[in-house]
Amino acid sequence: MAGARRLTGRFDVARGERFMEPGKQNGDIYRRLGVRRRINAAGTLTRLGGARMAPPVIAAMAAAADAAIDMAELQVAASGRIAAATGAEAGLVTTGAAAGLALAAAACLTGWNVQRMASLPDTSGFPNQILLPRLHRTGYSRCLAISGARLVDIGHNDRGSGAGVRGLEEWEIEAAIGPGTAAFAFSATPDNVEELLLAVSVCRPRGIPVIVDAAAQLPPRENLRRFIACGADLVVFSGGKAIGGPQASGILAGRRHLVGAALVQQIDMDVSPATWDPPELIDRAAMRGLPHHGFGRGFKAGKEEIAGLLVALELFVEADAQQIEQALERRLLAMADALKDCKGVYPKLLSAAQTGRVPLLELGIDPARAGLDAPALSRRLQKAEPPVHLSERLAARGRLIVDPQALAPDEDMLLVAAVRRCLPGS
Ligand SMILES: *Cc1c(COP(=O)(O)O)cnc(C)c1O
């Protein structure tokens, strides 16, 4: 580290100084590291650091850090709170929704079978197929497959491709289920709950667990309970998106025996058989012996993430959603107003009711009048000082989106100023 700038002030480890106020010693850690702060109006994107955490969440993580606790006991406490928030039988804090999908798949592959736990990701010799409707194939689907499960694409992509009106049908699921089926996977969207009910109605009587990826389906807060209420067996949510928890956190909620099987494959299992005393969520009697470190060991959630996530979840559940929505809409309207005289830029507010999630400000870019197209404007904004990120989801169709979820109020007008500076005419 010769020549590198020190990251801490004077801090005497040997003297055992403790309980520093978070942030005090380190000042602006990013400045010290030489990493620029960015204005994020692209949403709670992982590559931009995820959610901005509220002070009580930051405080909980700091308070959790300086202690020794039993991690299984902490996860059981988390389970109770996740169950209360979701209506599920049990829950687990994971290192993100992606890890939640991998652990969900592992739990469905093994149940309490220790031999199967020991063999993952090798799944030869036992049911290992996860049925995945083609409409639900996403970049995250492979997180299920890293458990060793084999993804079996089923159904048609008519709605996704715009080729037709039909979605997933009962007979398509029925026909795909066989002796090798271990689970059924589903990606939730704001408008496919009917399809989930259909999948549950086919899978449940046949004993096939349904795993729902609801990573980014919050808000609305009601979705914490919706998919479980529809009969899903396991549901995953990101902790570092709308919940506002640590970036590397997530929730796996669902049936008690599956969550228990996921937990035992996630926690440290270098335990002494004579003294190991697992919490009830881990059904020791159902296991023939003690599993070793499980497939999920690489996804271990830290005590700081668990504490932070639980506080964030409580704040998210208690928040006045309508008030937050209205405040976001007011801010977006003020930005729209401040941009309305920009040539070739057409701001349009999309309400939460229209998006099914949070309000957004769409900026239509007319290249003929603005002097550049949406991707070019986005590129310039990202090179601005400070760099500004807008959502590029519709950039190819000439639209950039201001997503306010990770945008601080004092950044709104900095964003507007950056857009004005990046337009060629100004
Ligand atoms: C963000 C996301 C994930 C991954 O979530 P992490 O919490 O970042 O692991 C998985 N699925 C979908 C649909 C997502 O949007």
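Each ligand, and each atom within it, is numbered from 1 in the order the structure gives.
With a 4.0 Å cut-off on non-hydrogen atoms, A215 touches ligand 1 through its side chain and not its backbone.
For atom 11 (N) of ligand 1, the choice among V236, D213, I251 with the nearest heavy atom turns out to be D213.
Of the protein's non-hydrogen atoms, K241 NZ, 1.4 Å is the one closest to atom 1 (C) of ligand 1. The nearest protein atom to atom 5 (O) of ligand 1, hydrogens excluded, is given as S238 OG, 3.0 Å; this is a heavy-atom distance. Ranking protein heavy atoms by distance to atom 3 (C) of ligand 1, first place goes to Y140 CE2, 3.4 Å.
For Q247, the closest heavy-atom approach to ligand 1 does not fall below 4.0 Å. Residue T46 places a heavy atom under 4.0 Å from ligand 1.
For R284 (side chain) and W276 (main-chain N/O), a donor-acceptor pair under 3.5 Å exists by modelled atom type. In this structure a side-chain-to-backbone donor-acceptor pair under 3.5 Å is present from R331 to L407.
Every pair passing salt bridge (Lys or Arg N to Asp or Glu O under 4.0 Å) that includes a residue from residues 248-267 is listed here, sequence neighbours excluded: E89-R255, D233-R255.
Of all atoms in ligand 1, listed by their number and element, those nearer than 4.0 Å to a heavy atom of G96 are 7 (O), 9 (O). Listed by number with element, the atoms of ligand 1 under 4.0 Å from a non-hydrogen atom of A216 are 15 (O). Within ligand 1, counting atoms from 1 as listed, the ones closer than 4.0 Å to a heavy atom of A98 are 4 (C), 5 (O), 6 (P), 9 (O).
Residue-environment remark: CD (Q322) stays at or below the threshold of 12 foreign heavy atoms within 6.0 Å. Within a 6.0 Å radius of NZ in K300, no more than 12 heavy atoms belonging to other residues, nucleotides or ligands are found. The 12-atom threshold is not exceeded at CZ of R393, counting heavy atoms of other residues, nucleotides or ligands nearer than 6.0 Å.
Looking at T95 next to ligand 1, no N or O pair under 3.5 Å apart turns up.
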Would you tabulate the side-chain donor-acceptor contacts of residues 260-271 under 3.5 Å, counting partners in other chains and residues two or more places apart, or write 'none'?
unit_1: Q265; atom_1: NE2; unit_2: T110; atom_2: OG1; d: 3.0
unit_1: Q265; atom_1: NE2; unit_2: A261; atom_2: O; d: 3.1
unit_1: Q266; atom_1: OE1; unit_2: Q75; atom_2: NE2; d: 3.3
unit_1: Q266; atom_1: NE2; unit_2: V93; atom_2: O; d: 3.4
unit_1: Q266; atom_1: NE2; unit_2: F299; atom_2: O; d: 3.2
unit_1: D268; atom_1: OD1; unit_2: D270; atom_2: N; d: 3.0

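Under the 4.0 Å criterion applied to side-chain N and carboxylate O atoms, E172 and R166 are not assigned as salt-bridge partners.
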